[in-house]
Amino acid sequence: MEYSYFTLNGGQVGNLACEHCNFDQFNIKGKIKYAFLFLESIPFFPLKKKIILSCVKCHNILNNSSIDSGLYKSIKKNTFKFHFMFPMYTGLFLSVLALVYWQYVKYQENLLTQAHIQSPRKHDFYFINYHKINKNTRPNQHYRLGKVVSVNNGLVSLIYGGFTYTKSSSLIRDVQGGMTYDSRYFNADEHSFTIEQLQNLYNDDAILAVRRPINNRLYGNVVIDSISINKSYRTLAEMYNDKGLAFMTYSHIESNLDNAYKYFIKSSENGFSKGQVNLSKLYLGAGEINKALYWLDKASIQGNAVAIKLYIENCKTVNGCEKSIFINKLTEIGYDVSSNEVNFNKK
Ligand SMILES: [Zn+2]
């Protein structure tokens with residue numbers, strides 16, 4: 001806490017005598033000493049209140065002990081009125097408000113955790129103090145993530161993150177940083193618990209919190225490899241395209257956009273026309289028209305109607321791009337591109 005002073009103007013008072021000039025009018029000033037934290041403009045609480053009476057004529061300061069105590073009290077009361085004093089408690093008031101809000105958020109989070117423990121679901125994330133489950137942890141390396149991989153007949157199977165930390169906040173950082181998306185983040189060994197055991201672990205503070213991803217996302221990042229959930233792929237290229245799309249869902253996060261590029265490029269290089277179109281769209285958005293046309297051409301040769309349309313549309317804007325050459329090439333392969341509709345005469 002630091003301290004500062006604030007002065008209130010309390011008007012004037014008469015019927016007093018100045019020791020110097022015998023004038024009877026005095027100016028009233030109220031001086032408040034207050035405590036603040038970081039910001040002088042936000043007082044936390046007042047510490048001291050003092051009345052200063054100065055002669056209107058010669059500015060001589062009156063010795064307060066020379067005034068009648070009843071008069072002094074009434075001056076003090078009028079000067080430090082409640083509505084003047086209230087702002088002196090601003091910091092305290094805000095702190096209490098913040099504390100109440102923080103408690104409320106904690107309360108809500110705990111309710112949610114309890115609910116997730118009672119009705120577990122695949123992909124729930126557990127924030128664990130592992131030291132309370134297994135004493136054989138390295139000193140100070142207590143915190144690790146857990147993830148539900150299956151729920152069968154009331155048995156919940158968890159896998160643990162390969163990393164342990166001294167601080168529980170490191171776990172959130174891993175999630176936010178997109179580390180957990182990589183399936184190698186977690187160890188393969190599964191550990192089964194009954195719901196009752198999980199509840200006990202929560203009561204013992206071994207489970208700190210349980211979070212359930214919404215739309216495959218937790219703390220702003222994609223955490224679930226949605227592709228691996230219920231889908232089988234004919235090709236790797238198709239899977240890469242889906243991974244890219246998963247990252248595009250939250251492309252406002254820069255690392256997600258980078259990952260989307262990465263997977264669309266992999267998909268494109270493996271010859272998947274939808275991946276090539278998606279990559280082209282990213283290039284078009286970034287103003288890299290020539291790169292976009294390169295991949296749109298590849299996808300068009302495979303008969304991708306969206307690619308053909310996008311190629312023709314963007315060809316116009318590029319010097320040296322000949323729409324007729326493109327159409328002739330496709331016609332030679334066996335596609336009918338004469339109308340706006342692309343007819344696939346060839347697979
Ligand atoms: Zn005077």
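One-based numbering, in listed order, for ligands and for the atoms of each. Keep in mind it's a predicted model, so treat the numbers as computed, not measured. Hydrogens, waters and symmetry mates are skipped; everything else that's a heavy atom, side chains included, is used.
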Q: Would you find a donor on one side and an acceptor on the other, under 3.5 Å apart, between the side chain of Gln276 and the backbone of Ser268?
A: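 Indeed, once roles are kept as given, a pair shorter than 3.5 Å links the two residues.
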Q: Is Ser267 reaching over with its side chain to a backbone N or O of Ala237, donor-acceptor style, under 3.5 angstrom?
A: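 Pair found, side chain donor or acceptor close to backbone of Ala237.
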Q: Between Arg211 and Glu109, is the closest basic N to carboxylate O distance under 4.0 Å?
A: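 Yes.
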Q: Enumerate the protein N/O/S atoms at a distance below 2.8 Å from the Zn ion (ligand 1), ignoring waters.
A: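 Cys18 SG, Cys21 SG, Cys55 SG, Cys58 SG, with waters left out.
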Q: When you compare the side chains of Tyr104 and Gln108, does any donor N or O come within less than 3.5 Å of an acceptor on the partner?
A: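 Side chains of Tyr104 and Gln108: pair found under 3.5 Å.
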Q: Closer than 3.5 angstrom, by distance alone: can the side chain of Asn215 be matched with the main-chain N or O of Arg217 as a donor-acceptor pair?
A: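 Side chain of Asn215 to backbone of Arg217, a donor-acceptor pair under 3.5 Å: no, none is there.
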Q: Might you work through the ring-ring contact (aromatic ring centres under 6.0 Å, His included) test for Phe163 and Tyr185, ending with a clear yes or no?
A: CA-CA 8 Å; Phe163 302 89; Tyr185 179 90; 5.4 Å; yes
